[in-house]
Each structure stands twice: as C-alpha cells, then as structure tokens.
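Letters A, B, ... are given to chains in the order of the sequence lines, protein chains preceding strands, and every chain is numbered from 1. From a predicted model like this one, the values you see are computed outputs, not experimental measurements.
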2 protein chains.
Amino acid sequence: MTSEGVEPGTVRPGGRTARVRESVLRAAGDALAEHGFDGLDLADVARRAEVGKTTVYRRWSTPTGLIADLLDDMAEQSSPRTDTGSLLEDLRANAQLVVKTLTDPRQGPLFRSVIAAATCDPRTAESLHRFYAIRIKEWAGCVTAALERGELPAGTDPDEVIRAVSAPLYYRLLVTGDPLDAAAADLAAGSAAAAARAGEYVR
Amino acid sequence: MTSEGVEPGTVRPGGRTARVRESVLRAAGDALAEHGFDGLDLADVARRAEVGKTTVYRRWSTPTGLIADLLDDMAEQSSPRTDTGSLLEDLRANAQLVVKTLTDPRQGPLFRSVIAAATCDPRTAESLHRFYAIRIKEWAGCVTAALERGELPAGTDPDEVIRAVSAPLYYRLLVTGDPLDAAAADLAAGSAAAAARAGEYVR
DNA sequence: GTTTTAACGGTTCCATGGTTCCGTTAAGGT
DNA sequence: ACCTTAACGGAACCATGGAACCGTTAAAAC
C-alpha cells in the first residue's frame, strides 16, 4: 500500500515525467506571453505541450500552481552579470538588461503575467520572491565590488542598491505605464547610484 | 428607432442607474479585497450589490471592465496631501500614506487586485495609469514648493520625485515581498530626496 | 400627470472548463 | 529481462459561468 499524500511526479521524476514537465512549462510560458494571466487555459497549455489535459490538471491543478512551478524553473536558469569596474556602469548595464527583458515581446508579457499571478496566490508569490531574491543576489556582487573599491560608504546594503535600480522600472511597467526606454534605465541607475553614494542604503 | 451602439447607463444615468453603479462598484471593491483578482465572480458581485446578475453582465461584461470602471470611480475621490515646509518631511508623509494604504486589510488586497487586472487588459491599464497620474500630480505640489524654497536644483521634475518615493514601495508589494513598514517608508522618502538633491531628476 | 422606452432582474438555456474513469505506457527496482 | 505501479492520456461526464429571453420598473421628456 502506498502512502496517499504524495504529489504526482515525485516518485518517478525521470524520463517521461521530466519531458512532460519541460514541455508543459515551455507551453505555459508561451501561453502566458500570448494571452496573459487571465487568459491562461490549462487545456490550451496541454494542447500546446502535446500532452493530455488530464496530466496538466493532475500535476498542477490550478493556473497559479502551474505558474509557481514555472517560476521555480525560471529561478534555476541564471543569467550572468557584467563587471565593468565602475558602479554606475554596472548599474546601467543592469537597468538596461531589465528594460530589455520587460520590453521583450515574449518576456515582457510573461513577467507581467507571473507578477499578476503572484498577487492572486501566496504559493506563487513565494516562488516569485525566491526568483527575485536570486536575481538580486547575482547582481549584488557589483555593489560589493564598488564597496571594496571605496566607491560607496561602508555598511551600504548591496541588495538594496540593486533593488533601487529595478524598482522604478517595475513601477513603470506595472503602475504608471510610463515608457521603458534607455532614458528610463539611465535614470534608474543614476538615481540608485546617487542615493547609494549619499549613504541612504547604509545598514 | 434608437441608435444601436450606445452603452447601457449612458442615456438615463440618474436615479436607479446611479444607485446600481454605486452599489456594484462598492461590492466589486469588497469582492476584490476578499478574493483577489482571479477570484472575482460577477454573479457574486451582483449578489453582494443586491442587483440582478444580468445587470452586471450587461453593463460591465467582464471582470476587467468592471475593475476599469472602479478605477475611474476611485480616481474621482481625491485625498489631500500634507505640507510641512520641508521636502523630506513631505515625502515621508507621502511614503507613510502609501505604506498605510498598501498594508490596509482592505485597500492592500484591493490595490494588488486592480494592478493585476491592469496587466491583463489595456483598457483597465489606461484607467490605472490615469488614477496614478492624478495621485502623483496631487503630491507633486510639495516638490514644486521645495523647488521654490531652493531646496532642489532648478529644472527638477516634480512628478518624477513623487514616483521615486512610491516605486520602491510598490516594488516590495508586487515583486520582492519585502516588508512594508515605517522603515521602508523612510528609506523610500530618503533615497528619493537624496537623488533629487543630487540633480538626478533634472529635466 | 402621462407617455415613452432605458435599464433592471428573474428564469432558462448552453457552452466550456475542469473532474472522473479506466485502460495504456514506461520508470525504477530486482 | 521482468515485475510493479507511477504517471500518462483519451473519452465520457458534470458543474458552473455567462448569454438570451422577456416581462417589470422607473428615468427623462412633455
């Protein structure tokens, strides 16, 4: 007799199961990018992934559950950061990367969708927070480097500086609708650097 | 013969029609605060508003359509800003108001929901942008006052300073999940003021 | 007050998203 | 190579969200 409470896909995660997960998550990303969060239909995802819709419902049950898993998957693919030797240049590179991502015809709608999903479900929110915690940590390195070069007041919180770069860009994306262009990126990087130099992120 | 393309509620907007709109919008706000964007059920809204569900479907048709109208309604109720005579104090008051709103047990979930809805529908996004454009304009006054007092470099964009206060707070709410407390408010106000003094928002 | 008809609202109806059933396939262990 | 059973997938089924229908109420115009 098998214990009851095991999630499907946990006992035999290899081979077919892994292939199914991969193609379903890719299909989910495509569907989100095309139709947005509220247009996400699990049957449609199953069709795109060439997988039985029963499978999708069984393993992920809800749209937000699927998106949470998608986020966990996205969190594993890390993207490397730049290291120019100047804080402002590094922050600009970061800001430009964020802008490029958020204005990308696939990634932009996708990110909007996963954020929308996270506002609707705690488990998805958790996954989103983990995802960004990782991304932020990856870029915090350029702030610690600047600290070591003496460009910033001692005690400055590296994560907070990186977050300060992203914040105005996501604010534009989600709240005000102001354009996400090169000027916005430079403004975000510049003001984060200025506040950091002023010692606002100490402690 | 009446022309066909007129929206219901536009020809006889008084009396009953207005009462219906009012109670439906209030009910929609309640429902959003309780069940979130994806849990919004128009039939449930109709029940709460003590209105026929046919009416809700006819006048608003979709959840996002209803939310767009709710936002247009919210945009009309303006809240007054403070004027302490110091930029930093005014920005702090603004940041604290935002934090208070976003952590409020009703308003917080409501704002999350309308923002989620705006990511799903262009018309709703437009209403959201209008709403925030108004709110930002209301508070920009304290920056122009600071400019006149010579606290900031000439040419500083007042709206941009106000947006810089809100951005990190909404970023926490929607993206990172970091706490929205008094410390977050002071940090947001402080770094916006620092960047503004450094001339980052000139032009 | 009377008339016209916009707007409301109860009921019925239907399409569609999601569940259940059960047979098939293949992962993991020996 | 073989066995057990986790996981998949097609088909039939069902509940539920949203549309259509039509009689009722009351806003606006006179």
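- Look at CG on B/D44: it is 10 Å from P on D/dG17, rounded to the nearest Å.
- Rounded to whole Å, the distance from CH2 on B/W60 to P on D/dA19 is 14 Å.
- Residue A/T82 holds its OG1 atom at 4.5 Å from CG of A/D90, rounded to the nearest 0.5 Å.
- Between B/Y170 and A/Y171, the two ring planes are tilted [angle within 30° to 60°].
- In this structure, A/R12 atom CZ and D/dA6 atom P are separated by 6 Å, rounded to whole Å.
- Within the 4.0 angstrom heavy-atom criterion, no nucleotide atom of any strand lies near B/S61.
- Nucleotide D/dG18 holds its P atom 12 Å from the CZ atom of B/R47, rounded to whole Å.
- Nearest-nucleotide positions on DNA chain D place A/G9 closer to the 5' end than the other of B/L42 and A/G9.
- Note on B/T17: only backbone sugar-phosphate atoms sit closer than 4.0 angstrom, heavy atoms only; bases stay farther off.
- For the pair A/H35 NE2 and C/dG17 P, the interatomic distance rounds to 12 Å; values are reported in whole Å.
- For the atom pair CZ of A/F131 and CE of A/M74, the computed distance is 4.0 Å after rounding to the nearest 0.5 Å.
- Proximity of B/T55 to the phosphate of C/dG9: a side-chain N or O atom is located under 4.0 Å from OP1 or OP2.
- Proximity of A/R19 to the phosphate of C/dA27: a side-chain N or O atom is located under 4.0 Å from OP1 or OP2.
- The separation between A/D41 atom CG and C/dG18 atom P is 6 Å, rounded to whole Å.
- For the residue pair A/R123 / A/S127, a side-chain donor-acceptor distance below 3.5 Å is found, with atom types taken as modelled.
- Classification of A/D159 and A/K137 as a salt-bridged pair holds, one side-chain N sitting under 4.0 Å from a carboxylate O.
- Considering only side-chain N and O atoms, B/Y57 lies nowhere under 4.0 angstrom from the phosphate OP1 or OP2 of D/dA19.
- Note: CD (A/E7) to P (D/dC8) measures 12 Å, nearest angstrom.
- Judged by closest nucleotide on DNA chain D, A/R58 is the one of A/K53 and A/R58 placed further toward the 5' end.
- Where A/L40 and B/R59 meet DNA chain C, the nucleotide closest to each residue was compared, and B/R59 sits on the side nearer the 5' end.
- To the nearest angstrom, C1' of D/dA26 lies 5 Å from CZ of B/R16.
- Mapping B/T54 and B/T10 onto DNA chain C by nearest heavy atom places B/T10 at the nucleotide closer to the 5' end.
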